[in-house]
Amino acid sequence: MTGEGDHVTDQKPDRILDSDFFRRWLTVAAAMVEREAGRLTELDSAIGDADHGSNLQRGFRSVTAELEKESPAGPGAVLVLAGRRLISTVGGASGPLYGTLLRRTGKALGDATEVTPGEFTEALRAGVAAVAQLGGAKVGDKTMLDALEPAAEALGASFSSFSAAAEAAEKGALATVPLQARKGRASYLGERSIGHQDPGATSSALLMAALAEAAEATP
Amino acid sequence: MTGEGDHVTDQKPDRILDSDFFRRWLTVAAAMVEREAGRLTELDSAIGDADHGSNLQRGFRSVTAELEKESPAGPGAVLVLAGRRLISTVGGASGPLYGTLLRRTGKALGDATEVTPGEFTEALRAGVAAVAQLGGAKVGDKTMLDALEPAAEALGASFSSFSAAAEAAEKGALATVPLQARKGRASYLGERSIGHQDPGATSSALLMAALAEAAEATP
Amino acid sequence: MKMLINVPETVVADALRGMAAAHPELFVDVDNRVVVRGDAPVAGKVGLVSGGGSGHEPLHGGFVGPGMLSAACPGEVFTSPVPDQMVRAAAAVDSGAGVLFVVKNYTGDVLNFDMAAELAEDEGIQIAKVLVNDDVAVTDSLYTAGRRGTGATLFVEKLAGAAAEEGAPLERVEAIGRRVNERSRSFGVALSAVTTPAKGSPTFDLPPGELELGIGIHGEPGRERRAMMTSREIADFAVDAVVEDLRPSGPVIVLVNGLGGTPLLELYGFNAEVQRVLKERGVPVARTLVGNYVTSLDMAGCSVSLCQVDEELLRLWDAPVKTPALRWGR
Amino acid sequence: MKMLINVPETVVADALRGMAAAHPELFVDVDNRVVVRGDAPVAGKVGLVSGGGSGHEPLHGGFVGPGMLSAACPGEVFTSPVPDQMVRAAAAVDSGAGVLFVVKNYTGDVLNFDMAAELAEDEGIQIAKVLVNDDVAVTDSLYTAGRRGTGATLFVEKLAGAAAEEGAPLERVEAIGRRVNERSRSFGVALSAVTTPAKGSPTFDLPPGELELGIGIHGEPGRERRAMMTSREIADFAVDAVVEDLRPSGPVIVLVNGLGGTPLLELYGFNAEVQRVLKERGVPVARTLVGNYVTSLDMAGCSVSLCQVDEELLRLWDAPVKTPALRWGR
Ligand SMILES: Nc1ncnc2c1ncn2[C@@H]1O[C@H](COP(=O)(O)OP(=O)(O)O)[C@@H](O)[C@H]1O
Ligand SMILES: Nc1ncnc2c1ncn2[C@@H]1O[C@H](COP(=O)(O)OP(=O)(O)O)[C@@H](O)[C@H]1O
Ligand SMILES: [Mg+2]
Ligand SMILES: [Mg+2]
Ligand SMILES: [Mg+2]
Ligand SMILES: [Mg+2]
């Protein structure tokens, strides 16, 4: 709250997250999805149906297009809007799941025009819980939750925890390789799903990397 | 007629052709078709529809099967029977054409139980003419006639002319390579038919080679 | 793999425009991606709405019409449609008698239809759902997303559709749908992988001389890879897999379904083998349907679906149907 | 190329057995390779018999039934049937009113049907023939075997079949058939080569990134090879080729036909482009049919056929038809 002007770059516990921060997060995420769409689809073709990259591309394009037109009042509204766009444009399993993640995180943030990292962490945990409830998956089932849950845990009240969350998500995504899928399309493969990285966990790691990058870029 | 026992192997003008000779011809032809079916189909796949080999295989198998059961009375009857089998089992363009060739050759031989090479030559020319009439093709149209016509011309009253006929047919088949097809399926290709050997001319050359081989083997 | 398309992004919209031109008896809303029978809503009639990823044509759009679906929602290729489409479809076909959602059991389809059901109910439309999960290749356990919905979708849509056309109320149409699903099983085999427009190359690598047993319809690999088998051997394997699970105690309807890239000539030949196995197993066949109905783009292969029928279900099967892909009666 | 078959030699017989099982309304004589509508001969009705090589399914067997063919004679794959089959078919359907042979213009089909006509006439059956030669890709000149018969076969069989069903006498059914052929043109494009069971590998080599324009339905290469084109460009090319030759002065029926390996999703998208070009060229469209009707086994690609119709032909098109592959009306 009083952090303006100070330069403790490795410790920004008191930075305030406003609408612009969340817009930046989503914009960076959209750019990452564009860049990595081919890889996500490739991963999905090994144990799924080869559409995860184009699914998210379609969704995040719609999110950025919408955010260029609309100016939601606060952080919560930004995320609710983004979540709604994902639900309305992605389809598949990841559409409702990511849509719910953002929508429920946004709802948890409420109407505030600015929130603290700690408040955001709480909200994101609510969002991740909603994803777990909707999809019925647990950590270890080889889904996006394998990246989202550790990320949400690594997040804390400090701004610097954002990059820790990104690292945790990345580690979680890599850790899906030896797992046998128990949810989603990959579960049909049984043991043949072992040895491949889960596309949704990979895109979740991107989302968290985008969060860290947005935090880095925050003045 | 008096040739029995003499050994003028390069000049057998007076040998008599009986039912057995024509059976031998067809049996040798059937064996050659079996051996060359793949090549004939391969040629047909370049400028046709990739079935010439299996077409003739089906037909000649039926001919040999029938000849094992039936014992037609004379040379004419053997060829008419064989022609009918081809018509009833081959289909495609080559079925009616080869069927007509043998049937009309056989008809021209009439009821005689033995015929001279000269009589056979006359009959075969009638058969080839019937093929030309039925299919409406001329020499140079890149069809079986490009092998059959020169073979029929090279055939004469002498037994030795049978191998000349085989050579003429082979030459005629090879000469179809640079031609543009004007009849049959290959004609659809226009200029793209140039550069490939005609499958029907190739099988006609086999038929004539079988004739020469049957003559060779004739005591 | 070469495709007859403009760009991958417009494949579904282009197809809907083409469908609109070919089928004036349907109302095709290209922008909102909903295919509705032209006379909807039909007074007093329960609406039947299904949908799923595109790439399985004629499923579902080709099954819209009297006696079958009231509307279909096509998603992107192999991607479940979004709730907005389903809500719109429900609104377009609801006459006040309620709407049945026919949902193939894939996480995406289930989640999106669930969201749509909530939203539609908010709009005052009564919604019921039938989940189709007939694929015996997938073990139904805590360790999977459950069995996939494949060929039996056609049975459910046809039979529940016929019940709705007869004027059955929502609970009854739903009950028929559930009964049909409970009595149906399928098993699929791929001879080649599928190529999606977005990816442009086969979704998995299937060497010459091998096939995938227990394939789904979205290009996901099957449960097992084996050396190539004959039509006879495939029929033995597939029918046994289905029969052992279904254990039919009466006559069945048989669907010998092509996955898209297998010629009809081969499918009919395969049907001869399927009928042979069924006879050997003592399963009486009431009706047989052979063709490409629940496809996976250009994938070569086939699936066998059985639905054990009683008198009522058989009557509903024979009832008139008038859709682009399935037509008979009256 | 993997196939869903036992051995290449039995492909056609196997398919006929499978067809018999699926279609009790037809009489399928597997040994003699004839598919006959179950109620033949129909008293007083002209018989319609067609046939040709197998591998083009549903053509012709799938078009046997009330309102279309009386019988079909399937040859080996891509090989014209033999006269024996045609004579048998004619005998099975002749009620004394005579039989029309619908013959696609290929040397093999023409020669075999000609022989059959002679033999059937010897047996006292009155025979008329209609030659179908609609493919504008082939120059009709002294230097070719003439235009091939492709998609328009469906038009001839449907419209002449409807006339026969109405009770028209042989000369009239024949005249309708001729008129339909004269007013029909087609053009085909291949995105991949076809693989026949006998050969087991593609009949020609089509590199990625290229297509064949002016393709036939027997795996023969087309007239021209070009760099891959979009759906839009292919529609421009194909429709222009047909329209420039047909020069329609009135409404047309459009057949957007798949060659077998192209997904229905793509065919519908292609139809959107075909309709666009027709509109741009000022050709009014009376009816549109989209699907795999005149195929070439697993070949990817499509053809466009147009038939210019007058009131009578349109009425015959709309007349009821009840066959495995084409069904509408009543
Ligand atoms: N039940 C579930 N809970 C959480 N995540 C899931 C679940 N099912 C699937 N996912 C995630 O969704 C990803 C696939 O997304 P996507 O390919 O877009 O959808 P679809 O599987 O419908 O094609 C998977 O990699 C997995 O991470
Ligand atoms: N009109 C014709 N006259 C003579 N021979 C012909 C004619 N048309 C085709 N042929 C011959 O038939 C051969 C093709 O036979 P085949 O492949 O068995 O029949 P199809 O062309 O019906 O598949 C050609 O290579 C050619 O030699
Ligand atoms: Mg996916
Ligand atoms: Mg041929
Ligand atoms: Mg998907
Ligand atoms: Mg042929």
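All figures in this text were calculated on a predicted structure; none of them were measured in a lab.
Within a 6.0 Å radius of CD in B/Glu114, more than 12 heavy atoms belonging to other residues, nucleotides or ligands are found. Other residues, nucleotides and ligands contribute over 12 non-hydrogen atoms within 6.0 Å of the CG atom of D/Asp122. In B/Arg104, the CZ atom is not crowded: 12 or fewer heavy atoms of neighbouring residues, nucleotides or ligands sit closer than 6.0 Å. Counting heavy atoms of neighbouring residues, nucleotides and ligands inside a 6.0 Å radius, atom CZ of B/Arg84 does not exceed 12 of them. Sparse packing is recorded around CD of D/Glu118, with 12 or fewer heavy atoms of other residues, nucleotides or ligands lying under 6.0 Å away. With a 6.0 Å radius and a threshold of 12 heavy atoms from other residues, nucleotides or ligands, B/Arg23 has its CZ atom above the threshold.
Atoms CZ and CG, on D/Phe78 and B/Asn55 in that order, are 12.5 Å from each other to the nearest 0.5 Å.
With a 4.5 angstrom heavy-atom cutoff, B/Ala181 touches chain D only via backbone atoms. In this structure, the portions of B/Ser88 lying under 4.5 Å from any heavy atom of chain D include both its backbone and its side chain. Neither the backbone nor the side chain of D/Arg33 comes within contact range of chain B; no heavy atoms are under 4.5 Å apart. B/Ala186 does not touch chain D: none of its heavy atoms, backbone or side chain, sits under 4.5 Å away. Interface residue D/Glu224: only backbone heavy atoms are found under 4.5 Å from chain B. For B/Ser193, no part lies near chain D; criterion is any non-hydrogen pair under 4.5 Å. Residue contact with chain B, scored on non-hydrogen atoms closer than 4.5 Å, involves the backbone of D/Val77 exclusively. At a 4.5 Å heavy-atom cutoff, the contact between D/Asn112 and chain B is made by backbone and side-chain atoms alike.
Looking only at heavy-atom pairs under 4.5 Å with chain B, the residue among D/Gln85, D/Glu76, D/Arg148 that has the most is D/Arg148. In terms of heavy-atom pairs under 4.5 Å with chain B, the best-connected choice from D/Pro83, D/Ala137, D/Pro81, D/Gly214 is D/Pro83. By number of non-hydrogen pairs under 4.5 angstrom with chain D, the leading residue of B/Gly48, B/Gly95, B/Gly38 is B/Gly48.
Considering all non-hydrogen atoms of both residues, B/Val90 and D/Thr79 come closest at O-CG2, 3.4 Å. Of all heavy-atom pairs between B/Ala93 and D/Thr107, the closest is CB-CG2, 3.9 Å.
Remark: side-chain polar atoms of D/Asp109 are not paired, donor with acceptor, to backbone N or O of B/Gly92 under 3.5 angstrom.
You'll find the side chain of B/Leu134 reaches within 4.5 Å of the side chain of D/Leu111, heavy atoms only. Side-chain atoms of D/Glu9 and B/Arg58, non-hydrogen and from C-beta on, never get closer than 4.5 Å to each other.
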- Test D/His218 against B/Asp51 for side-chain contact (heavy atoms from CB on, under 4.5 Å), laying out the working first. CA-CA 10 Å; D/His218 298 87; B/Asp51 64 357; over 6 Å; no
